[in-house]
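Computed over heavy atoms, backbone and side chain alike; hydrogens, waters and symmetry mates excluded. In what follows, chains carry the letters A, B, and so on, assigned in the order in which the sequence lines appear, proteins first and then strands, with residues in each chain numbered from 1.
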Protein chains: 2
Amino acid sequence: MTSTASGLAAIHFALDRTSPVPLYHQLAQQLEAAVERGVLAPGDRLGNEVDLSVRLGLSRPTVRQAIQSLVDKGLLVRRRGVGTQVVHSQVRRPLKLSSLHDDLEEAGQHPTTRVLRGETVPAPPDVAAALGVGEGSEVTVLERLRCAHGVPVAFLVNHLPADLIRLDTAALESTGLYRMMRSAGITLHSARQSVGARRATAEEGDLLQEAEGAALLTMRRTAYDDTGRAVEYGTHIYRASRYAFDFQLLVRP
Amino acid sequence: MTSTASGLAAIHFALDRTSPVPLYHQLAQQLEAAVERGVLAPGDRLGNEVDLSVRLGLSRPTVRQAIQSLVDKGLLVRRRGVGTQVVHSQVRRPLKLSSLHDDLEEAGQHPTTRVLRGETVPAPPDVAAALGVGEGSEVTVLERLRCAHGVPVAFLVNHLPADLIRLDTAALESTGLYRMMRSAGITLHSARQSVGARRATAEEGDLLQEAEGAALLTMRRTAYDDTGRAVEYGTHIYRASRYAFDFQLLVRP
DNA sequence: GAGTGGTCTAGACCACTAT
DNA sequence: TAGTGGTCTAGACCACTCG
């Protein structure tokens, strides 16, 4: 064990028991940071939960909880009788409730949004069905044009129960709908999505600067909060020539 | 507490300590079954981990582990100071490494597959890059036509390192590629996907019984195993008129 | 056989929510 | 204030993998 200085041995872990952040979470964050910074290289073994817990002055279950959270993220792999290893590279950002705004921002495309329409209307039948509200009850309808580098990328139509959030066009243009919902105290739980394709109508072509009949990606989504209440229904179209859904899946054992 | 017979109280849990199946997993399965059968209705509280652990003769961490696994699945929601509740309906099948074969089978569409091509060839540059193998090294290439009700739905092209599995056309036509890989001892870990759209070429139209220029859904996927090794690279096209990707996302807190 | 993760126990104290 | 989940401990034994 004197021959090689393993990656883990070189790491200094700083755990603060007075912090409100749970110990297992502090440990997980520092392990993840070590992986990001390359201190722990892909394939490196983390080895021996017991030793690690002794070294850190934590109980083994706490150390396990930290490691498990990174396994769930796909960053580490545990194998019985073998050990825990850093996963080999390619794993990053798992599929989340993807927001086009965030997607483009991460890709450095400086997205801008123009709100074309934002008002409260009686729910049409399809929207009422998707949101699980009475037909004709009040819903907020949003139509937005998302651009990157000044070029249209997507046309987004969203419907929300009218009592959920207050319409704020300025905030919508700068931060995106999901962040607004989050800061309005809505905790998203899950969403159903359907991704398809079709050809653009003449109007859609005008809007997105595509020819009539061009290929479009379509996405329909209904999002639910903790309580199972539908909080958003979106029907979006994307220029297939400029946008694709890109994501990572993790296989649950 | 005599006024209402709560759903949970009526359930008989049968835990077998001699079984190789972990106790927390047995409990999770039976709780899940109770939700599926409607014994536990959406909104029902599961309440009180401590009482439940006493009643079952389990420790609280074990009960927690069972509940946590169902929370991770999106079936239950826990809120501090409140309790644990069954999530309100709409949650089901989370996004997994989706296999078109399984998808269609679950939808009752009786899929059939015809292997159009299956051979070993030197890896072309794009395939070599995606699989992380040397250009020109041996890879297995598969071309398959997937049909439902005798009508073409998708054209699937897959590349795999040649040493991974043995080509078995019969098995491929009956069980699908992912099951074959699984039974060959390959444990999938994650995959990167990109979903887009474009218009069909004349050849693609012939193959899929669509007009030239029809909208197609496209999917590119690289799948990795435990060790981070790329085990499959697929470039698929789907008839957008007959197929859409349908899935459920869970938001991780 | 040695070393690893997987499971399980029986407690403890804390933080949050509701009333 | 009572009740809930959230965190944490200090052990124990088992199952699997590898040399």
Engineer: Have a look at Tyr233(A) and tell me which of His159(A), Arg221(A), Arg220(A) forms a side chain to side chain donor-acceptor pair (under 3.5 Å) with it.
Structural biologist: Arg220(A)

Engineer: May I ask you to verify if any side-chain N or O of Thr84(A) is less than 4.0 angstrom from the OP1 or OP2 atom of dT4(C)?
Structural biologist: no

Engineer: Given the rule in the salt bridge (Lys or Arg N to Asp or Glu O under 4.0 Å) test, do Arg37(A) and Glu32(A) qualify, once you have shown the distances and angles that lead to the verdict?
Structural biologist: CA-CA 9 Å; Arg37(A) 294 202 321 271; Glu32(A) 183 167 3; over 6 Å; no

Engineer: Check the distance between dG6(C)'s C1' and Asn48(A)'s CG and give it to me in whole angstrom.
Structural biologist: 14 Å

Engineer: Nearest whole Å is fine: how far is dC8(C) C1' from Gln26(B) CD?
Structural biologist: 13 Å

Engineer: Spell out yes or no: do the side chain of Arg80(A) and the base of dG3(C) have one donor N/O and one acceptor N/O closer than 3.5 Å?
Structural biologist: no

Engineer: Between Gln65(B) and Pro61(B), name the one whose nearest nucleotide on DNA chain C is closer to the 5' end.
Structural biologist: Gln65(B)

Engineer: Can you confirm whether more than 12 heavy atoms, excluding those of Arg182(A), are under 6.0 Å from its CZ atom?
Structural biologist: no

Engineer: Reckon Ser59(A) has a side-chain N or O less than 4.0 Å from the OP1 or OP2 of dG11(D)?
Structural biologist: no

Engineer: Phosphate oxygens OP1/OP2 of dT9(C): is one of them under 4.0 Å from a side-chain N or O of Arg17(B)?
Structural biologist: yes

Engineer: Look at the side chain of Val82(A) and decide which nucleotide, out of dT9(D), dT17(D), dG6(D), has an atom nearest to it.
Structural biologist: dT17(D)

Engineer: What is the distance, to the nearest angstrom, from the CD atom on Gln68(A) to the C1' atom on dT4(C)?
Structural biologist: 15 Å

Engineer: Figure out the CG/P separation between Leu70(B) and dG5(D), and round it to whole Å.
Structural biologist: 14 Å

Engineer: What is the separation between atom CG on Asp51(A) and atom P on dT4(C), rounded to the nearest whole Å?
Structural biologist: 7 Å

Engineer: Answer yes if the side chains of Gln85(A) and Asp44(A) hold a donor-acceptor pair under 3.5 Å, and no otherwise.
Structural biologist: no

Engineer: When you measure only distances, ignoring hydrogens and angles, does the side chain of Arg79(A) come within 3.5 Å of the base of dG6(C) through a donor and an acceptor?
Structural biologist: no

Engineer: Using whole Å, report how far CZ of Arg60(B) lies from P of dG3(D).
Structural biologist: 15 Å

Engineer: For Tyr178(B) and Glu232(B), does a side-chain donor sit closer than 3.5 Å to a side-chain acceptor?
Structural biologist: yes

Engineer: For His25(A) and Gly81(A), find the nucleotide of DNA chain D closest to each by heavy atoms; which residue's nucleotide sits nearer the 5' end?
Structural biologist: His25(A)

Engineer: Please determine whether a side-chain nitrogen or oxygen atom of Tyr24(B) lies at a distance below 4.0 Å from atom OP1 or OP2 of dT7(C).
Structural biologist: yes

Engineer: Give a yes/no answer on whether the side chain of Thr62(A) brings an N or O atom under 4.0 Å of OP1 or OP2 in dT7(D).
Structural biologist: no

Engineer: Write down the distance between CG (Asp16(A)) and P (dC8(D)), rounded to a whole number of angstrom.
Structural biologist: 12 Å

Engineer: Distance check needed: dT7(C) C1' versus Arg78(A) CZ, whole Å only.
Structural biologist: 12 Å

